[in-house]
Amino acid sequence: MNKDYINKLSSKLVELTKNMEPSMLLIYLESKGVFTKNTVELIKTGRTSIEVNYNLIEALNKRPDKDFQLFIDCLNETNQEHLADLLTATADDPGSFVDKVDAGTNPIPLAIDNLRMNEKTNNRGDIAVATEYCELTDFVYENRPRSKRGCLIVCNEVYERNTDMTSRSGASVDVNNLHKLFTDLSYEVQVRNNLSGSEMWSALNEFASSPLHADADSAVIFIHSHGSDDDNVISCDGKRFSVSQVISLFNGSNCPGLAGKPKLIFVICDRGGFKDGPVVVPRSGTESPCLGPCDQRSDSPAQVALVRPTVIRTSQVVDLSYSVPNTCDFLIAYSTPAGFANWRNVEKGTWYVNALVRVFGKYAKDLDVIRLLTRVNYVVAHEFKSFSAPYVSPKSGYKQIPAPVTMLTKEFYFYPPKALID
């Protein structure tokens, strides 16, 4: 396959692997002679749909040029036209960049330079209207650390016998560590332990309707429990709630006090039975950029030099009302990817919370939450490993990687960024 087709597939690899429905697609591709039966069986060896889709794209890259169009045809014939459009849209088609707001309205391409829209031409010769653009402060959520802001921790450790679920020993250690951390971060922390389904739903509803949110700058929710491979969290009596149900409680319609404010939801549970194995990567000779060896910890925030953008202030009166999607401004921080197990030490708690408390405790005064969670990913991936026998080789033991999902629209700092207070 020529480079143009390979580049198209590569540039849309994330969207394709996440969103393709491979079952019927593979049947159509085999029927059109794109893949042989043996190739289809090899593609299906992926453990998850994402891995199957990745195998499919890899195999397609090795096919002749004509099979690219056959692939597009198969996407259309299996009701996946939106993915076909991703691969066939061109730069001359304005619909490939932004949806039209109203019928007959042409979108205006944005060009940001020094905080303003410059007059620029696109490849059709149209001129974008020069207009004021947003201040840099518009990219940072308002921060009020002295206001009362809420944090709810729901922890299910002891399960009823009729659920056939084991106790989650070590979870209470996580709760104690999280309570201290978020108290230090100026949150009013509520802890609810070992809840039935009705109690769990009631606790989440009560927190969503709390009057604290009206004056708060953010809210934090931890759900620490057994989970399932269909993204449900499980109460102590075996009742199941989807993460999307939890999100709906805190969206702009159901929780107007948090509309436009960051809502951080941490989901600490198994999301399936797969256990991630290690892969050996040669060392570059540098230590961890985050915390160093696993047994080293600083209980006080580090003083680090940061380059921050200069904030331009203005006294211009502006309209403070604006509209946002109902489900934006969420961060869903999963302790493990879909389909995988969450590792927990019965004496020290989960790997994820251990890393989170260490990273947040050291860097929360300086970094926004996305960069904090990236460092949490690093610590969990590099510094934790399971093994039940004496250490043998770098390939022994299981590993884990957290999986945060962001719908935030700005940077969120637990403390005011230095650029905003200097």
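Predicted, not measured: the structure shown is a model, and the values here were computed from it.
- Considering CD of Glu77 and CG of Leu70, their distance stands at 9.0 Å, rounded to 0.5 Å.
- With 3.5 Å as the limit, one finds a donor-acceptor pair spanning the side chains of Ser235 and Asp237.
- Judged as a ring pair (Phe, Tyr, Trp, His ring centres under 6.0 Å), the pairs with a partner in residues 152-176 (not counting sequence neighbours) are, in order, Tyr159-His226.
- Between atom CZ of residue Phe182 and atom CG of residue Leu152 there is a gap of 12.0 Å, rounded to the nearest 0.5 Å.
- Side-chain atoms of Tyr54 and Leu13, non-hydrogen and from C-beta on, do get closer than 4.5 Å to each other.
- Using a 4.5 Å heavy-atom threshold, the side chains of Leu60 and Leu29 count as separate.
- Asn55 and Glu51 share no donor-acceptor pair across their side chains, judged by distance under 3.5 Å alone.
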### Query
Arg149 and Asp217: side-chain contact (heavy atoms from CB on, under 4.5 Å), yes or no, with the steps?
CA-CA 7 Å; Arg149 48 188 185 179; Asp217 61 11; 2.9 Å; yes
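- When all heavy atoms of Phe35 and Leu56 are compared, the closest pair comes out as CZ-O, 3.8 Å.
- For Glu15, the CD atom counts as densely surrounded, since its 6.0 Å shell holds more than 12 non-hydrogen atoms of other residues, nucleotides or ligands.
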### Candidate pair Val359 and Tyr378, rule side-chain contact (heavy atoms from CB on, under 4.5 Å), full reasoning
CA-CA 10 Å; Val359 171; Tyr378 181 94; over 6 Å; no
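- In this model, a donor atom of one side chain and an acceptor atom of the other lie less than 3.5 Å apart for Thr350 and Asp174.
- The minimum heavy-atom distance between His213 and Ala219, with the atom names listed, is CE1-CB, 4.1 Å.
- Checked options Val14, Leu9, Leu16; the residue passing with Lys12 is Leu16 (criterion: side chain to side chain contact (heavy atoms under 4.5 Å, CB included)).
- Taking each heavy atom of Ala333 and Leu373 in turn, the nearest pair found is CB-CD1, 4.2 Å.
- Val158 is not listed as a side-chain neighbour of Cys236, based on a closest heavy-atom distance of 4.5 Å or more.
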### Task
Please lay out, stage by stage, how Tyr363 and Arg371 fare under the test side-chain contact (heavy atoms from CB on, under 4.5 Å).
CA-CA 9 Å; Tyr363 294 107; Arg371 286 188 287 174; over 6 Å; no
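- Between the side chains of Ser242 and Ser244, a donor-acceptor pair is found at a separation under 3.5 Å.
- Taking both residues in full, the closest heavy atoms of Val34 and Arg63 are given as O-NE, 2.8 Å, listed atom of the first, atom of the second, then distance.
- The two atoms that bring Ala403 and Arg271 nearest to each other are CB-NH1, 4.4 Å, heavy atoms only.
- Side-chain contact check for Phe222 versus Cys151: some heavy-atom pair is nearer than 4.5 Å.
- Using a 4.5 Å heavy-atom threshold, the side chains of Leu356 and Ser335 count as separate.
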### Message
Apply ring-ring contact (aromatic ring centres under 6.0 Å, His included) to residues Trp343 and Phe384 and explain how you reach the verdict.
### Response
CA-CA 9 Å; Trp343 287 93; Phe384 290 90; over 10 Å; no
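- Atoms OG1 and NZ, on Thr327 and Lys263 in that order, are 9.5 Å from each other to the nearest 0.5 Å.
- Residues Val175 and Glu157 have side chains not in contact (no heavy-atom distance under 4.5 Å, counting atoms from C-beta outward).
- Judged purely by distance below 3.5 Å, without hydrogens or angles, the side chains of Asp4 and Asn2 never pair a donor atom with an acceptor atom.
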### Steps toward side-chain contact (heavy atoms from CB on, under 4.5 Å) verdict (Ser218, Phe414)
CA-CA 9 Å; Ser218 59; Phe414 289 103; 5.9 Å; no
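- Defined by atom type and a distance below 3.5 Å, a donor-acceptor pair is missing between the side-chain atoms of Glu160 and Thr163.
- A heavy-atom distance below 4.5 Å is not found between the side chains of Phe266 and His224.
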### Query
Can Asp230 and Ser228 be said to form a side-chain hydrogen bond (donor to acceptor under 3.5 Å, both in side chains), step by step?
CA-CA 5 Å; Asp230 52 359; Ser228 63; 2.2 Å; yes
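- Residues Ile27 and Met24 have side chains in contact (heavy-atom distance under 4.5 Å, counting atoms from C-beta outward).
- Considering every non-hydrogen atom in both Leu204 and Phe250, the closest pair reads O-CZ, 3.7 Å.
- Not one N or O on the side chain of Asn342 forms a donor-acceptor pair closer than 3.5 Å with the backbone of Thr336.
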